[in-house]
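Below: one structure, written as structure tokens.
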Amino acid sequence: MNEDKQVPQLTEDEKKLFEELMPEDLNEILDTGVNRRHFLKLMTLVGGGILTAQSAVAEQVFTRSLNGPVVEHAPAVLENGVNVSFNVNGEARKLTVDSRMTLLDTLRERLELTGSKKGCDHGQCGACTVIVDGRRVLSCLTLAASCEGKTVKTIEGIARGSQLHPVQAAFLKHDGFQCGFCTPGQICSAVALMEEAKNGEASYVTKNVRQKPGPVQLSTEEIRERMSGNLCRCGAYPNIVAAIQEVHSGKPVEQIWQFVG
């Protein structure tokens, strides 16, 4: 392996996963890291239902950064530059950005955290949802400069090392994603939703908004309303709701499949 390339190290579970499922690519992966072709190939295997036993390890590959250490490059020409210092996924970051640059573009283009997706870029689809100071925000509508001194958590920071967040594990169990494009935003939104319910925050369908704030027991209607800002073009909504309900209630939720005809 060429150490000058600063290739991110795979865990033993990840090495075993690639050795069993993609042995012909193993040497290349160890030498240069996981590229787009390897990623899509692994996604195909997941879609085919081959990775039932190794699904957690596959999710680990999908969610953690495989691009190596981030090297921050200042643009050749930067107008209206401002210095921004904030905490991203537990790491203090400081960089100079255009004062008009969004948090989404900063994460993707400057910090190479590409888990947050640019869907509509108009704040209508929720694919770019991240968590800022414990609150979910649409990063495509949030200026990076407005995050000075704040804490930002993206999908890359939801899991703890190789241990998936309960919401991530529930999404896997209930097949809460298909193409996966909206999934980072869905998961970040769901994680923040749990805290909102814990704090007793009201929603549009809350029956009594005058009631003293306290933990909210989320109904299916409540979950649908609170997640309505996150769109899924594949239509995995029942599975997403079931995953969130299971984590919120702490009890297994049986998925009721509906077939046409």
Side-chain angles (χ1 to χ4, degrees), residues 34 36 39-40 42-44 46-47 58-67 70 86 88-89 97 100-144 146-147 150-159 164-196 203-204 223-245 247:
V34 178
R36 179 178 174 82
F39 182 87
L40 293 176
L42 189 59
M43 281 288 290
T44 301
V46 173
E59 177 71 6
Q60 176 180 309
V61 174
F62 296 150
T63 55
R64 78 178 181 90
S65 174
L66 294 170
N67 296 321
V70 174
F86 51 1
V88 182
N89 296 332
V97 299
R100 300 160 295 184
M101 193 173 197
T102 65
L103 176 59
L104 176 61
D105 287 340
T106 301
L107 292 171
R108 292 181 57 84
E109 298 176 13
R110 297 297 303 280
L111 300 182
E112 297 186 7
L113 295 172
T114 55
S116 303
K117 297 297 185 283
K118 179 177 285 192
C120 65
D121 207 22
H122 287 78
Q124 297 177 346
C125 72
C128 68
T129 303
V130 299
I131 303 172
V132 178
D133 283 351
R135 310 286 301 185
R136 46 182 167 162
V137 304
L138 298 168
S139 59
C140 75
L141 297 184
T142 304
L143 291 176
S146 71
C147 296
K150 297 183 178 180
T151 298
V152 178
K153 180 176 288 187
T154 70
I155 187 63
E156 289 88 349
I158 296 296
L164 297 180
H165 188 281
V167 171
Q168 292 175 305
F171 266 63
L172 280 170
K173 175 182 176 180
H174 289 276
D175 197 18
F177 56 89
Q178 291 183 38
C179 79
F181 189 86
C182 74
T183 306
Q186 297 275 6
I187 290 177
C188 285
S189 190
V191 169
L193 181 155
M194 299 294 177
E195 287 301 311
E196 293 172 9
S203 76
Y204 182 77
I223 295 175
R224 287 175 176 170
E225 167 59 27
R226 292 172 188 260
M227 291 292 292
S228 61
N230 292 82
L231 305 183
C232 174
R233 294 179 64 183
C234 299
Y237 298 116
N239 304 17
I240 293 171
V241 171
I244 296 173
Q245 185 65 267
V247 177

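This is a predicted model, so every value here is computed, not measured.
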G119 and A127 have their tightest heavy-atom pair at N-CB, 4.4 Å
Enter the distance from M227:CE to I244:CD1 here, rounded to the nearest 0.5 Å.
-> 4.0 Å
Stepwise side-chain contact (heavy atoms from CB on, under 4.5 Å) check, F177 with C182 = CA-CA 8 Å; F177 56 89; C182 74; over 6 Å; no
Any side-chain heavy-atom pair from T102 and C140 closer than 4.5 angstrom?
-> no
Distance in Å, R135 CZ paired with K150 NZ, rounded so as to fall on 0.5 Å steps | 11.5 Å
Is the closest side-chain heavy-atom distance between L113 and N89 below 4.5 Å?
-> yes
Gap separating the CZ atom of R100 from the CG atom of L143, nearest 0.5 angstrom = 10.5 Å
Do Y237 and N230 come within less than 4.5 Å of each other through their side chains, counting heavy atoms only?
-> no
Please round to the nearest 0.5 Å and tell me the distance separating atom CZ of R224 and atom CD of Q245.
-> 10.5 Å
Give a yes or no on whether the backbone of D175 and the side-chain of N239 come within a donor-acceptor separation of less than 3.5 Å.
-> yes
Check the pair L172 / L164 against side-chain contact (heavy atoms from CB on, under 4.5 Å), numbers first and verdict last.
-> CA-CA 10 Å; L172 280 170; L164 297 180; 3.7 Å; yes
Closest non-hydrogen atoms of H165 and V191, given as atom of the first, atom of the second and distance, are CE1-CG2, 3.8 Å
Work out which heavy atom in C147 is nearest to a heavy atom in L103; give both atom names and the distance.
-> SG-CD2, 3.9 Å
For A236 and C232 the tightest heavy-atom approach is N-SG, 3.4 Å
One should read off an interatomic distance between I240 CD1 and I223 CD1, to the nearest 0.5 angstrom, of 11.5 Å
Which atom of C120 lies closest to which atom of G123, heavy atoms considered | SG-N, 3.5 Å
For C128, does its backbone N or O pair with a side-chain atom of S139 as donor and acceptor, under 3.5 Å?
-> yes
Could you tell me whether K117 atom NZ has more than 12 heavy atoms of other residues or ligands within 6.0 Å of it?
-> yes
Residues V137, V152; criterion side-chain contact (heavy atoms from CB on, under 4.5 Å); working and verdict | CA-CA 10 Å; V137 304; V152 178; over 6 Å; no
Side-chain donor or acceptor of H122 paired with backbone N/O of Q124 under 3.5 Å = no
Going through the distances and angles, do C179 and R233 end up as a side-chain contact (heavy atoms from CB on, under 4.5 Å)?
-> CA-CA 9 Å; C179 79; R233 294 179 64 183; over 6 Å; no
Supply the atom-to-atom distance T154 OG1 to I131 CD1, rounded to the nearest 0.5 angstrom.
-> 9.0 Å
Compute whether any side-chain donor of one residue and acceptor of the other, for T129 and R136, lie under 3.5 angstrom apart.
-> no
Looking only at heavy atoms, what is the nearest atom pair of L231 and Q186, with distance?
-> O-NE2, 3.6 Å
Determine yes or no for a side-chain-to-main-chain donor-acceptor pair under 3.5 angstrom, with Q168 supplying the side chain and I187 the backbone.
-> no
